[in-house]
Amino acid sequence: RPKLEPGAECWLTIRFRLYNSTLWAEKGHEVAWSQFSMPFDTPAGPLLRTENMPNLRLKESGKEAIMTGTDFSLILDKEKGQIVSLKHKGYELMKNGPILNVWRAPTDNDVPRMAPKWRSFGLDRIEHQVKTIEVKKVSPQAIRITVAADARAPNFADGFNYKLNYTIYGSSDIVIEADVAPSEKLPPLPRIGLKFTIPEGYETFTWYGRGPHENYWDRKEGAQVGLYSGTVDDQYVPYIKPQENGNKTDVRWASLANEEGVGLLVVGMPLLEVSAHHFTTDDLAKANHTSEVKRREDITLNLDYKQSGLGGGSCGPDTLLKYQIKPEPVHFSVRLRPLSKESSAMKLSKQMIEKTG
């Protein structure tokens, strides 16, 4: 039994390799593997107490709220209810987000039956409206922002009511809690999650979850849990007809970093589905051929509570019921944290934030 650090987990991976060379593969070729989560009890990760964090400064106007701490600042647009700037040691980490995201570029399997249902309820043209916003300094080291909004297509009665609670800490951690209530009349949903726009330059995408290839709720048994890394461009899967691609499931944490090692860490509470691309969902949905998809400089980062399974609708049955997202209320949380070149994403991900207020 290995000695485990607080907050760690242990996986046993068994690999089966050829003992001798054959006509079809060389000696040592892997023919099968299996992976097991070991039932070892480990203490929780280190607790960050609010009272031990640096103080935050808050400045408000009618249009925005500006929060400043040690080596970081955050600007929230009150009209949109979104972060429009997150700076760390002078580096701009975010252009905007989070925004509720319920649409995906239909896959080949979605096209025959599910995609028409989604479009019939306007899920491909959702508009957002902030109803209320409250900014409150709950302690010298923590600020709470509550945004209540709805999202629906123009002239549609059925849509989503949602609330986002941001807690910004003096440690530079940002905890986002989302409560989403879909209309009961909606069909099974493409996804429920949050979308962010990250500026160019943060091209190293690293994640601790299933990989290294894309995987989905009903397509993940062939993807091992592990630590993976590549460029954002590497995550794109060039299907002949552009569609949703590059998703990663069971993600504990993920990061986007630049060449200096500065970037943004996202931590699931406990798990997320994550994708990062130089394309938006609309770019993929509107293109008929891969050559029509034009690379954007900005990065679209999707942090999903859940994305619908793929099923086999293009030539067989639809997504199984157990892998569909029912239109019912959900609650999920994610933690954001700026990264420095001297930071360890793995260690930061294990930290626990003391809830305040």
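Computed from a predicted structure; not experimentally measured.
- With contacts defined as side-chain heavy-atom distances shorter than 4.5 Å, the pair Leu272/Tyr305 does not qualify.
- Taking every heavy atom of both residues into account, Ala276 and Leu256 meet most closely at CB-CD2, 4.4 Å.
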Q: Under the side chain to side chain contact (heavy atoms under 4.5 Å, CB included) rule, what do Val251 and Tyr208 come out as? Steps first, then yes or no, please.
A: CA-CA 6 Å; Val251 175; Tyr208 175 33; over 6 Å; no

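- For the residue pair Tyr162 and Ala151, the shortest heavy atom distance occurs at CE2-CB, 3.9 Å.
- Side chains of Phe205 and Asp234 form no contact here, defined as non-hydrogen atoms less than 4.5 Å apart.
- The closest donor-acceptor contact from the side chain of Ser343 to the backbone of Ala345 lies at 3.5 Å or more, if one exists at all.
- For Tyr228 (side chain) and Gly211 (main-chain N/O), a donor-acceptor pair under 3.5 Å exists by modelled atom type.
- The nearest pair of heavy atoms linking Leu76 to Leu74 is N-CD2, 4.0 Å.
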Q: Decide side chain to side chain contact (heavy atoms under 4.5 Å, CB included) for Glu244 and Gln307; before the verdict, give the C-alpha distance in whole Å, the side-chain angles of both, and the deciding distance to 0.1 Å.
A: CA-CA 10 Å; Glu244 192 66 38; Gln307 193 176 149; 3.0 Å; yes

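- In this structure the side chain of Ile168 reaches within 4.5 angstrom of the side chain of Phe72, judged on heavy atoms.
- Note that CD1 of Ile240 is 7.5 Å distant from OG1 of Thr290, once rounded to the nearest 0.5 Å.
- Each of Ile99 and Val266 belongs to its own hydrophobic cluster when Ile, Leu, Val, Met, Phe, Trp and Tyr are linked at side-chain heavy-atom distances under 4.5 angstrom.
- Thr300 contributes atom OG1, which lies 7.5 Å from atom CG of Asp283 (distance to the nearest 0.5 angstrom).
- In this structure, Phe156 and Ser120 approach most closely via the heavy-atom pair CE2-O, 3.1 Å.
- Here the side chain of Ser308 pairs no donor or acceptor atom with the backbone of Ile325 at under 3.5 angstrom.
- Taking the side chain as every heavy atom from C-beta outward, Thr356 and Thr167 approach each other to under 4.5 Å.
- Thr107 and Asn109 share no side-chain donor-acceptor pair at under 3.5 Å.
- Looking only at atom types and distance, the side chain of Asp108 has a donor-acceptor partner in the side chain of Gln243 under 3.5 Å away.
- At a threshold of 4.0 Å, the pair Asp298-Lys95 counts as salt-bridged, since one of the basic side-chain nitrogens sits closer than that to a carboxylate oxygen.
- In this model, a donor atom of one side chain and an acceptor atom of the other lie less than 3.5 Å apart for Gln35 and Thr13.
- Ile353 and Met67 are assigned to two separate hydrophobic clusters, defined by single-linkage of ILVMFWY side chains at heavy-atom distances under 4.5 Å.
- A salt bridge is defined here as a Lys NZ or Arg NE, NH1 or NH2 lying under 4.0 Å from an Asp or Glu carboxylate O, and Arg295 with Asp233 meets this definition.
- Partner of Gln235 under the side-chain hydrogen bond (donor to acceptor under 3.5 Å, both in side chains) criterion, out of His278, Lys248, His213, His277: Lys248 alone.
- The distance from the NZ atom of Lys136 to the CD1 atom of Ile145 is 13.5 Å, given to the nearest 0.5 Å.
- By the 4.5 Å heavy-atom criterion applied to side chains, Leu93 and Pro338 are counted as neighbours.
- Between the Trp207 side chain and the Gly226 main chain, no donor and acceptor come within less than 3.5 Å of each other.
- Side-chain contact between Ile176 and Phe332 is absent, with no heavy-atom pair separated by less than 4.5 Å.
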Q: Apply side chain to side chain contact (heavy atoms under 4.5 Å, CB included) to Asp124 and Arg119, showing your working.
A: CA-CA 6 Å; Asp124 58 333; Arg119 287 193 170 98; 3.7 Å; yes

Q: Before giving the answer on side-chain hydrogen bond (donor to acceptor under 3.5 Å, both in side chains), spell out for Asn247 and Glu273 the whole-Å C-alpha distance, their side-chain angles and the decisive distance to 0.1 Å.
A: CA-CA 7 Å; Asn247 189 60; Glu273 297 191 21; 2.9 Å; yes

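- Aromatic rings of Phe279 and Tyr236 (six-membered ring for Trp) have centroids within the 6.0 Å cut-off, being under it.
- In this structure, Arg144 CZ and Tyr169 OH are separated by 6.0 Å, a value rounded to the nearest 0.5 Å.
- You'll find the side chain of Phe121 stays beyond 4.5 Å of the side chain of Ile126, heavy atoms only.
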Q. Hey, mind stepping through Lys220 and Asp250 against salt bridge (charged side-chain N to carboxylate O under 4.0 Å, His left out) and telling me if it holds?
A. CA-CA 9 Å; Lys220 66 181 186 179; Asp250 294 343; 3.2 Å; yes

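- Put simply, the side chain of Thr319 gets close to the backbone of Gly309: a donor and an acceptor are under 3.5 Å apart.
- Here the side chain of Asp218 pairs a donor or acceptor atom with the backbone of Gly311 at under 3.5 angstrom.
- If you run side-chain hydrogen bond (donor to acceptor under 3.5 Å, both in side chains) between Arg104 and each of Thr281, Asp110, Asp304, Asn245, only Asp110 comes through.
- Note that the OG atom of Ser34 and the CZ atom of Phe16 stand 7.0 Å from one another [nearest 0.5 Å].
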N/O donor-acceptor pairs under 3.5 Å from side chains in residues 83-90, not counting sequence neighbours:
residue, atom, partner, partner atom, Å
Ser85, OG, Glu92, OE1, 2.8
Ser85, OG, Glu92, OE2, 3.3
His88, ND1, Asp71, O, 3.4
His88, NE2, Ser340, OG, 2.7
Lys89, NZ, Glu342, OE2, 3.1

Q. Which is it for Lys131 and Asp150 under the side chain to side chain contact (heavy atoms under 4.5 Å, CB included) test, yes or no, and what are the steps along the way?
A. CA-CA 7 Å; Lys131 296 297 186 182; Asp150 65 18; 3.1 Å; yes

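- Counting heavy-atom neighbours within 6.0 Å of Glu5 CD, excluding the residue itself, gives a total of 12 or less.
- Atoms CD1 and CZ, on Ile299 and Phe196 in that order, are 13.5 Å from each other to the nearest 0.5 Å.
- Put simply, the side chain of Arg191 gets close to the backbone of Trp103: a donor and an acceptor are under 3.5 Å apart.
- Linking ILVMFWY side-chain heavy atoms closer than 4.5 Å, directly or via other members, places Tyr323 and Ile192 in a single hydrophobic cluster.
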For residues 49-60, run the donor-acceptor check on the side chains, cut-off 3.5 Å, and write out each pair with its distance to 0.1 Å, sequence neighbours left out.
residue, atom, partner, partner atom, Å
Arg49, NH1, Glu354, OE2, 3.3
Thr50, OG1, Glu354, O, 3.4
Glu60, OE1, Lys78, NZ, 2.6

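- Within 6.0 Å of CE on Met269 lie more than 12 heavy atoms contributed by other residues, nucleotides or ligands.
- Smallest separation of non-hydrogen atoms from Ser172 and Arg337: OG-NE, 3.2 Å.
- The minimum heavy-atom distance between Arg335 and Asp173, with the atom names listed, is NH1-OD1, 2.7 Å.
- When side chains are defined from C-beta on, Thr204 does not count as touching Tyr202, because their heavy atoms never get closer than 4.5 Å.
- Sorted by first then second residue, the side-chain hydrogen bond (donor to acceptor under 3.5 Å, both in side chains) pairs that include residues 178-190, not counting sequence neighbours, are Asp179-His331.
- Using a cut-off of 4.0 Å between Lys/Arg side-chain N and Asp/Glu carboxylate O, Arg15 and Glu30 are scored as salt-bridged.
- Judged purely by atom type and a 3.5 angstrom limit, Asn215 uses its side chain to pair as donor or acceptor with the backbone of Arg210.
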